[in-house]
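Structure incoming, see below.
This structure is a prediction, so every number in the text was calculated from the model and none was measured.
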Amino acid sequence: MADAWEADIRTVREAWSHFLQNDFATAESLFRRGMGEATSAAAAVEVAAEPDAEEDDEAPSDDRVERRDTRGAFALQYALVGLLRGVSTLSDEQLPECKSRLW
């Protein structure tokens, strides 16, 4: 699972690197891909059942797994890159396009 998290972080860093080098199309495509990746750290949260009240003194077991859903982070950055690209290029109808991405 840590590998999926690290892969997502590498993708975010790569996308921002492209954005800062004025390669907006690649940055947007990386963020868009991260929004829908079923193989990313996304997956549903799976946490083992909480210990009973009687077992509170026990240390947490290693079988508890929590997966972080990074799709929202990718979606927000995708919208931000689209907005910044639009403002920097003065594209027509850019704000309605960003609104449709967020809602």
Quick check: is L30 connected to L20 through a chain of hydrophobic side chains (ILVMFWY, heavy atoms under 4.5 Å apart)?
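No, it is not one cluster - the side chains of L20 and L30 are not joined through contacts under 4.5 Å.
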Using a 4.5 Å cut-off between side-chain heavy atoms of Ile, Leu, Val, Met, Phe, Trp and Tyr, which other residues end up in the same hydrophobic cluster as L76?
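In the cluster with L76 are L80.
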The criterion is side-chain hydrogen bond (donor to acceptor under 3.5 Å, both in side chains); which residues satisfy it with S29, sequence neighbours excluded?
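In terms of side-chain hydrogen bond (donor to acceptor under 3.5 Å, both in side chains), with neighbours along the sequence ignored, S29 is linked to no residue.
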Within residues 17-30 or reaching into it, pairs that qualify as salt bridge (charged side-chain N to carboxylate O under 4.0 Å, His left out) - sequence neighbours excluded:
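For residues 17-30: E28-R85, E28-R101.
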Non-hydrogen atoms of A27 and A15 that approach each other most closely
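The pair with the smallest heavy-atom distance is CB-O, 3.3 Å.
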So do R33 and T11 actually touch side chain to side chain, heavy atoms under 4.5 Å?
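Yes, close enough: below the 4.5 Å cut-off.
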Interatomic distance, F74 atom CZ to D69 atom CG [nearest 0.5 angstrom]
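Here the rounded value is 10.5 Å.
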For I9, all residues meeting side chain to side chain contact (heavy atoms under 4.5 Å, CB included), sequence neighbours excluded:
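Checked I9 against side chain to side chain contact (heavy atoms under 4.5 Å, CB included); matches are W5, R13.
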Residues two or more places apart in sequence or in another chain: which of them pass side-chain hydrogen bond (donor to acceptor under 3.5 Å, both in side chains) with Q77?
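Partners of Q77 under the side-chain hydrogen bond (donor to acceptor under 3.5 Å, both in side chains) test: W16.
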Gap between atom CZ of F19 and atom CD of E14 - 0.5 Å precision
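That separation rounds to 15.5 Å.
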Minimal non-hydrogen separation, F31 against V81, with atom names:
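So the minimum-distance heavy-atom pair works out to CE1-CG2, 3.5 Å.
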Report the distance from atom CZ of R71 to atom CG of D8, rounding to the nearest 0.5 Å.
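Rounded to the nearest 0.5 Å, the CZ-CG separation comes out at 10.5 Å.
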